[in-house]
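Along the sequence shown, residues carry numbers from 1.
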Amino acid sequence: MRVSFGTSTNIGRRPSQQDEYLVQEDVFEGSPAASLFGVFDGHGSEGGKASTFTRQIFPEVLRRHKDEFLDDPVEALKAVFRDVNTQLAENDAIDTYMSGTTAVVLICLEADDRVVIANVGDSRVLLGRKEGDDDAWAAVQLTTDHTCSNPDELSRVKSSGARIEQLTIGEDKDGPLRIFKGTLPYPGLVVTRSLGDAVAGRLGVLCEPEVIDMKVNPKRDRFFILGTDGLWDGLDIDVAVSIAAKYKDPMKASSVLTKRALEGLDKKQIDDNVTNVVIYVNRK
């Protein structure tokens with residue numbers, strides 16, 4: 001399995017950029033041949049620092065767990081996320097009391113036609129799968145959104161004492177369900193899993209990722225899209241797949257995805273950063 005990739009990011013109409021992306025070819029520095037990809041979406045006043053720091057340290061932390069990863073990638077990636085979360089919490093330059101980041105990573109083991117995906121938060125990995133011999137494509141969301149819209153996630157944070165409600169704008173409720181502490185007006189976190197977010201960690205918010213270890217069928221599994229929530233809020237997943245399927249150059253596909261997502265966000269009057277990584281499999 002051969003892969004090629006493209007990346008794109010845009011601040012959108014937000015006052016600051018809190019998204020980051022990660023591409024690390026030959027992440028294990030020799031054997032096995034593996035490439036690491038990721039996107040990270042910070043939140044809170046120090047969210048940009050949290051996502052940047054996570055991007056910076058993730059490859060090295062993964063390398064330290066190489067032997068475990070080759071033996072049991074699911075448990076190894078859980079340990080990697082724990083270690084990253086600990087280092088983030090211990091970084092005195094970043095206040096993670098009410099700030100943190102989502103994280104979704106994909107590790108491509110090229111010789112094995114295999115990918116391993118780990119996720120906390122509401123960034124996503126989407127698979128573009130070819131259907132038959134015609135131009136039909138299926139959009140397969142491989143990750144789970146960790147928000148209070150997920151019944152299992154909602155049950156866990158409520159049982160940990162979280163108050164769950166929408167923001168109050170005037171006399172109306174607006175936006176997604178958020179996590180609050182008791183009667184207090186914070187932290188107001190949307191995601192139920194993240195890195196950082198110390199106060200939310202006491203309310204059932206986990207740093208443990210959900211991990212997927214899957215074989216790739218290069219004849220039908222043609223590309224992956226990693227995106228922060230700005231991409232998915234601006235674009236339907238079927239539209240995203242149709243765009244990525246259209247181009248041979250992953251950089252072009254990535255930039256068009258970002259452009260179209262920003263247009264979609266404007267129509268919905270949503271302000272957000274947009275970041276994505278497009279990974280083509282055996283694309284000629």
Trace of the side-chain hydrogen bond (donor to acceptor under 3.5 Å, both in side chains) decision for Glu20 with Thr52: CA-CA 6 Å; Glu20 291 279 355; Thr52 298; 2.6 Å; yes
Worked check of side-chain contact (heavy atoms from CB on, under 4.5 Å) between Val120 and Asn85: CA-CA 11 Å; Val120 293; Asn85 191 63; over 6 Å; no
Thr101/Thr54 under side-chain hydrogen bond (donor to acceptor under 3.5 Å, both in side chains): CA gap, chis, key distance, verdict: CA-CA 8 Å; Thr101 184; Thr54 300; 5.3 Å; no
Residues Glu110, Ser35; criterion side-chain hydrogen bond (donor to acceptor under 3.5 Å, both in side chains); working and verdict: CA-CA 8 Å; Glu110 294 148 32; Ser35 298; 2.9 Å; yes
Check against side-chain hydrogen bond (donor to acceptor under 3.5 Å, both in side chains), Asp19 and Thr228: CA-CA 7 Å; Asp19 283 2; Thr228 57; 2.9 Å; yes
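At least one side-chain heavy atom of Leu142 sits under 4.5 Å from a side-chain heavy atom of Met214. The shortest distance between side-chain heavy atoms of Leu88 and Ile94 falls below 4.5 Å. Side-chain atoms of Phe180 and Leu167, non-hydrogen and from C-beta on, do get closer than 4.5 Å to each other. A heavy-atom distance below 4.5 Å is found between the side chains of Lys78 and Val74. Annotation: side chain of Arg129 is in contact with side chain of Asp221 (closest heavy-atom distance under 4.5 Å). Annotation: side chain of Phe40 is in contact with side chain of Val105 (closest heavy-atom distance under 4.5 Å). Taking the side chain as every heavy atom from C-beta outward, Leu257 and Ser8 never approach each other to under 4.5 Å. By the 4.5 Å heavy-atom criterion applied to side chains, Leu206 and His146 are not counted as neighbours.
More than 12 non-hydrogen atoms from other residues, nucleotides or ligands lie less than 6.0 angstrom from CZ of Arg64. A 6.0 Å sphere centred on NZ of Lys173 holds more than 12 heavy atoms belonging to other residues, nucleotides or ligands. The number of heavy-atom neighbours closer than 6.0 Å to NZ of Lys66, taken from other residues, nucleotides and ligands shown, is above 12. Counting heavy atoms of neighbouring residues, nucleotides and ligands inside a 6.0 Å radius, atom NZ of Lys215 exceeds 12 of them. In the displayed structure, Gln166 atom CD is contacted under 6.0 Å by more than 12 heavy atoms of other residues, nucleotides or ligands.
Separating the OG1 atom in Thr96 from the CG atom in Asp197 is a distance of 7.5 Å, to the nearest 0.5 Å. Rounding to the nearest 0.5 angstrom, the gap separating the CG atom in Leu177 from the CG atom in Leu154 is 7.0 Å. One finds the NE2 atom of His43 at 4.5 Å from the OG atom of Ser194 (value rounded to the nearest 0.5 Å).
Side chain of Asn273 to backbone of Ser16: a donor-acceptor contact under 3.5 angstrom is found. At least one donor-acceptor pair closer than 3.5 Å links the side chain of Lys268 to the backbone N or O of Asp233. In this structure a side-chain-to-backbone donor-acceptor pair under 3.5 Å is missing from Ser155 to Pro151.
Note: the hydrophobic cluster containing Leu77 also contains Leu70 (ILVMFWY, side chain heavy atoms under 4.5 Å, direct or indirect links). Taking hydrophobic clusters as Ile, Leu, Val, Met, Phe, Trp and Tyr residues chained together by side-chain heavy-atom distances below 4.5 Å, Tyr280 does not share a cluster with Leu226. Hydrophobic clustering keeps Val27 apart from Tyr21 (ILVMFWY residues linked when any side-chain heavy atoms are closer than 4.5 Å, directly or through intermediates). A continuous path of hydrophobic side-chain contacts links Val191 to Ile179 [ILVMFWY only; heavy atoms under 4.5 Å]. Residues Leu36 and Phe223 do not share a hydrophobic cluster, defined by chaining ILVMFWY side chains whose heavy atoms lie under 4.5 Å apart.
In this structure, Phe58 and Phe81 have perpendicular ring planes: the angle between them is above 60°, well past the 30° mark.
Among residues two or more places apart in sequence or in another chain, the side chain to side chain donor-acceptor pair (under 3.5 Å) test is passed with Ser254 by Asn276. The side chain to side chain contact (heavy atoms under 4.5 Å, CB included) search around Thr143 returns Val104, Ile117, Asn119, Arg124, Val125, Gln141, not counting sequence neighbours.
Looking at Val115, Leu126, Val3 one by one, the single match for side-chain contact (heavy atoms from CB on, under 4.5 Å) with Phe224 turns out to be Val115. With Val216 as the fixed residue, the side-chain contact (heavy atoms from CB on, under 4.5 Å) test singles out one of Met1, Arg114, Arg222: Met1.
The shortest heavy-atom contact between Val211 and Val116 is CG1-CG1, 3.8 Å.
Taking a cutoff of 4.0 Å between a charged side-chain nitrogen and a carboxylate oxygen, Lys259 and Glu263 qualify as a salt bridge.
Side-chain contact of Glu153 with Thr192: a donor-acceptor pair under 3.5 Å is present, judged by distance alone.
Phe69 has its ring centre less than 6.0 Å from the ring centre of Phe28.
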